[in-house]
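Working notes, structure below.
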Amino acid sequence: MLLPTIGVGMNSALDDMNLIQQAQRHHLVVREIGEEIDLEIGPGEDDPSFGNTTLIGAPLRESSAEEHGESKQMVTVSQLSNDAQDMSQNQQVKRKKKVVKRWREEWADTYKWAYVDVKDGTPRIFCSVCREFGRKHRRNPYGNEGSRNMQMSALEEHNNSLLHKEALRLQSASKDKIMADKPVYVKAVMSKTAGSILEATLKRDPHEVEFIQAVQEVVQALERVIGKNSHYVNIMERLLEPERMIIFRVPWVDDRGETHVNRGFRVQFNQSMGPCRGGIRFHPSMNLSITKFLGFEQTLKNALSPYKLGGAAGGSDFDPKGKSDNEIMRFCQSFMCEMYHYLGPDKDLPSEEMGVGTREMGYLFGQYRRLVGHFQGTFTGPRIFWSGSSLRPEATGYGLVFFAQLMLADMNKELKGLRCVVSGSGKIALHVLEKLIAYGALPISVSDSRGYLVDEDGFDYMKVQFLRDIKAQHRSLRDYSKTYARSKYYDEAKPWTERCDLAFACATQNEIDQSDAMNLVNSGCRILIEGSNMPCNTDAVQVLRKANVLVAPAMAAGAGGVVAGELELNHECSLMNWSPEDFESKLQEAMKQTYQRAIKAATDFGYQKESPEALVHGAVISAFLTIAQAMTDQGCV
């Protein structure tokens with residue numbers, strides 16, 4: 001083993017051993033900053049003396065004839081030693097660079113308890129528990145917090161400090177241990193102003209993982225916009241704080257007479273564009289972070305659509321699965337007893353979401369009508385015989401397929417004959433299947449929380465109806481394969497390994513991780529349509545972009561539900577009777593306008609139309625500029 005010299009510099013073998021020891025002591029998650037930028041600057045770039053440092057004990061090489069030339073005569077021993085030593089030093093520098101590169105790659109998998117963020121323009125390692133970085137070291141030739149070993153030593157010292165231990169104790173005492181199970185992944189952005197927005201969000205809401213992820217994606221998409229006009233930083237800071245957050249208890253009684261209590265949420269995120277519109281979700285995982293993330297996404301989605309509306313989201317951690325109709329009715333009535341104060345045609349317009357269908361919306365609306373004492377069609381998604389448009393349930397699923405068709409048309413392609421993978425088996429996924437069949441595509445899969453079903457022959461209308469019957473009877477998708485022999489159900493798996501041309505993610509947030517994204521790329525997928533909000537985590541997004549997979553963001557492709565809700569209100573006000581053909585025609589036109597707005601915004605800010613991030617960034621830019629203009633006109637409110 002080589003020994004370090006007096007002063008600066010350590011050899012690669014010792015670095016490797018130290019990295020291994022540090023990896024065993026620490027459990028941190030770190031995001032690298034861009035492609036080539038990391039916390040370490042390469043050796044020799046900032047430190048002129050680095051290359052002059054000798055390494056005692058380094059093996060010397062004898063000069064060969066090939067290296068010095070056949071015509072070169074004998075050299076002195078001292079010259080030979082100096083030449084060999086220089087070569088050894090150059091070799092060592094190269095090996096050290098390789099160590100730095102390998103360290104970057106291994107870091108994210110090795111460490112579990114830290115993240116990288118920008119502090120005063122400098123990337124630093126922060127503790128995920130108490131949001132502080134290690135003790136400050138003297139500035140060194142590397143120009144940052146310290147060398148790799150110094151940084152890790154500082155973090156270890158910090159983890160043993162009273163500050164960290166007290167933060168860890170408070171976290172362990174908390175009922176919601178999000179940080180222990182779901183570390184926040186933060187990728188530092190290049191812009192200092194954009195980084196300050198993320199830093200402020202992290203300090204204010206450190207445990208809201210889903211919301212922070214959504215903010216991170218939006219801020220990165222807006223980096224060029226913020227860079228051109230610093231005024232948008234203040235707008236973004238106001239936008240990220242919801243106008244109103246309501247948290248309340250929901251007591252209800254089951255069929256056995258036992259009392260239960262759940263927690264209800266409603267976040268009215270932004271009303272600068274008009275009254276809020278957003279879904280109500282009933283799911284055990286529901287919490288304030290998810291509610292804020294859904295409300296934030298809905299605000300941008302509504303602003304991007306042709307109809308100007310504010311954004312909201314809400315729901316409860318109530319699980320409707322396994323509950324009787326009477327139990328669901330009692331819960332919905334109790335939920336609405338608090339919610340009705342904040343609803344109205346000029347305030348907030350709730351709609352369906354995960355776990356909330358026609359049955360639940362009917363119970364909610366009935367209790368709302370009873371409490372306010374009059375009939376107002378402020379709820380979207382009800383049955384046609386008492387309110388609502390004729391194609392409301394199909395709108396979001398059909399809109400996804402229309403959006404995919406627009407993307408393919410720009411590539412001079414069509415849906416006919418393309419093999420499509422669909423996740424989820426709710427109303428959105430099943431209506432995607434239905435419209436794909438109508439356009440001649442070959443949808444082959446659906447999924448649920450326990451696995452996925454694949455039919456190599458593809459689904460047809462009869463099979464889709466059979467799937468609806470299975471879901472209505474609360475049976476498993478596994479029962480489908482008992483009827484159709486060419487199908488197979490895979491337990492504890494996702495459909496992204498199946499060969500496909502297009503993929504429709506219609507299940508839930510973060511359903512696609514890094515390995516799923518790699519499977520999609522290897523399966524031949526060229527276009528991903530986001531049917532659920534934020535279906536890809538941060539690692540998956542990077543994989544898809546590097547593979548040039550086009551992504552249709554949910555805020556643009558999923559705007560069909562917004563369009564349907566607005567047409568419902570117009571239908572009610574004008575007393576027009578929308579036929580399915582009229583409704584579908586208006587839905588197609590609205591999706592076309594949304595697509596064109598996203599593309600135009602992307603090209604205006606320098607993104608190539610064919611680039612994988614064009615639609616994602618363009619949708620965010622267009623929506624944000626619309627909201628920013630309204631917020632500016634209305635003053636600081």
Side-chain angles (χ1 to χ4, degrees), residues 273-275 277 298-311 349 351-352 377 380-381 384 388-416 427-428 431-432 434-441 502 504 506 527 529-531 550 552-604 609 614-616 618-623 625-627:
M273 299 295 299
R277 180 186 292 280
Q298 191 69 44
T299 300
L300 296 172
K301 184 184 297 186
N302 292 350
L304 184 62
S305 72
Y307 309 101
K308 307 309 177 190
L309 294 163
L349 312 169
S351 59
E352 299 175 0
T380 61
I384 183 62
S389 57
S390 57
L391 284 181
R392 165 67 195 181
E394 293 91 336
T396 304
Y398 283 13
L400 295 175
V401 179
F402 294 155
F403 202 90
Q405 191 180 29
L406 291 168
M407 295 176 67
L408 289 169
D410 275 352
M411 303 164 63
N412 296 319
K413 295 180 181 179
E414 58 181 8
L415 276 168
K416 187 176 181 180
K427 61 180 182 295
I428 295 178
H431 290 131
V432 166
E434 190 177 273
K435 187 52 66 175
L436 286 174
I437 295 169
Y439 279 106
L502 276 76
F504 292 80
C506 306
I527 297 177
I529 311 295
E530 295 184 351
L550 298 180
M555 73 176 61
V562 180
V563 175
E566 188 64 18
L567 291 179
E568 281 177 353
L569 297 181
N570 290 339
H571 166 214
E572 180 182 317
C573 295
S574 62
L575 299 180
M576 293 179 61
N577 184 20
W578 294 109
S579 67
E581 293 76 16
D582 291 339
F583 188 95
E584 193 166 323
S585 175
K586 290 186 175 294
L587 181 60
Q588 284 181 309
E589 180 60 30
M591 297 307 297
K592 183 177 180 180
Q593 293 179 28
T594 302
Y595 175 77
Q596 290 174 344
R597 287 187 64 187
I599 289 295
K600 183 179 184 304
T603 54
D604 287 348
K609 187 177 180 180
L615 271 174
V616 178
V620 173
I621 291 171
S622 178
L625 291 178
T626 303
I627 297 172

Would you mind reporting whether [Y] and [X] have side-chain heavy atoms less than 4.5 Å apart?
X    : Y    : answer
I627 : T299 : yes
V562 : K301 : yes
R597 : T626 : yes
R277 : N302 : yes
L309 : M273 : no
I428 : F504 : no

So, for [X] and [Y], which heavy atoms are closest and what is the spacing to 0.1 Å?
X    : Y    : result
P553 : E530 : CA-OE1, 3.5 Å
V432 : G397 : CG2-O, 3.6 Å
A552 : A557 : CB-CB, 4.1 Å
A602 : A614 : CB-O, 3.2 Å
A598 : L615 : CB-CD2, 4.0 Å
G558 : T396 : O-CG2, 4.2 Å

Salt-bridge present (K427, E352; N to O < 4.0 Å):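 Looking at E352 together with K427, the answer is yes, because their closest N to O distance falls below 4.0 Å.
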E584 with K435: basic N within carboxylate O range, under 4.0 Å: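 Judged by the 4.0 Å cut-off on N to carboxylate O distance, E584 and K435 do form a salt bridge.
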Going from [atom1] on [X] to [atom2] on [Y], what distance comes out if it is rounded to the nearest 0.5 angstrom?
X    : Y    : atom1 : atom2 : answer
D604 : L625 : CG    : CG    : 9.5 Å
L300 : S305 : CG    : OG    : 11.0 Å
H431 : C506 : NE2   : SG    : 12.0 Å

Side-chain donor/acceptor of T594 to backbone N/O of A590, under 3.5 Å: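 Between the backbone of A590 and the side chain of T594 there is a qualifying donor-acceptor contact (under 3.5 Å).
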Main-chain N/O of K600 paired to T603 side chain as donor or acceptor, under 3.5 Å: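 Checking the backbone N and O of K600 against the side chain of T603, a donor-acceptor pair under 3.5 Å is found.
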Name the atoms and distances for all side-chain donor-acceptor pairs under 3.5 Å in residues 400-414, with sequence neighbours left out.
{"residue": "Q405", "atom": "OE1", "partner": "Y439", "partner atom": "OH", "Å": "3.4"}
{"residue": "D410", "atom": "OD2", "partner": "Y595", "partner atom": "OH", "Å": "2.5"}
{"residue": "D410", "atom": "OD2", "partner": "K609", "partner atom": "NZ", "Å": "3.2"}

Distance-only donor-acceptor check, side chains Q588 and Y398, under 3.5 Å: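 No - no donor-acceptor pair under 3.5 Å links their side chains.
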